[in-house]
Amino acid sequence: MDGQYRKNIYPGQEVAIILKKDQRSGRLTYGIVKDILTSAAFHSRGIKVRLEDGQIGRVAETEVVDPEEE
C-alpha cells in the first residue's frame, strides 16, 4: 500500500480508495482527491481522503489504472 504516507497524496491526484463499507471485501473505488482528512504524516491503513464526488475512504493505491477505463 503506497497510500500510507501523506506526502505521497495531493489534491487533484487520481487514487483508489477503500470505503468503510468495503473494508471486508477490499473493493476499490476510483476518483480524484478533493481533501486530505488525515493530519498525521503516516497511517498504517492508509491516509483518509475525500474524493471530488464526496466519497470518503482510505487510500489503497496512488498510481491508478482504473479497470473500467480500459
Quiz item: What's the verdict on side chain to side chain contact (heavy atoms under 4.5 Å, CB included) for Thr62 and Ile9, showing C-alpha distance, side-chain angles and the deciding distance?
Solution: CA-CA 7 Å; Thr62 55; Ile9 301 166; 4.1 Å; yes
Quiz item: Any side-chain heavy atom of Ile47 within less than 4.5 Å of one from Gln4?
Solution: no
Quiz item: With distance as the sole test, does Thr38 use its side chain to make a donor-acceptor pair with the main-chain N or O of Ala40 at under 3.5 Å?
Solution: no
Exercise. Using side chain to side chain contact (heavy atoms under 4.5 Å, CB included) as the criterion, point out the one residue from Ile32, Val33, Asn8 that pairs with Val15.
Key: Val33
Quiz item: Got a donor-acceptor contact below 3.5 angstrom from the Asp53 side chain to the Gln55 backbone?
Solution: yes
Self-check item: Side chains of Ile56 and Val49 in contact at under 4.5 Å (non-hydrogen atoms)
Solution: no
Quiz prompt | Step-by-step side chain to side chain contact (heavy atoms under 4.5 Å, CB included) determination, Ile17 to Leu51 | solution = CA-CA 9 Å; Ile17 65 169; Leu51 300 180; 3.6 Å; yes
Quiz item: What's the spacing between Glu61 CD and Glu63 CD if we round to 0.5 Å?
Solution: 9.5 Å
Exercise. Check the pair Ile36, Arg6 against side chain to side chain contact (heavy atoms under 4.5 Å, CB included), reporting the backbone distance first and the verdict last.
Key: CA-CA 8 Å; Ile36 300 173; Arg6 195 173 194 275; 3.6 Å; yes
Exercise. Taking all non-hydrogen atoms of both residues into account, name the closest pair between Gly3 and Val59 and its distance.
Key: CA-CG1, 3.6 Å
Quiz item: Got a second to check how far Arg50's CZ is from Asp35's CG, nearest 0.5 Å?
Solution: 5.0 Å
Quiz item: For the residue pair Gly46 and Arg58, what are the closest heavy atoms and their distance?
Solution: O-NH1, 2.9 Å
Quiz item: What pair of heavy atoms forms the shortest contact from Leu28 to Ala16, and how long is it?
Solution: CD1-CB, 4.2 Å
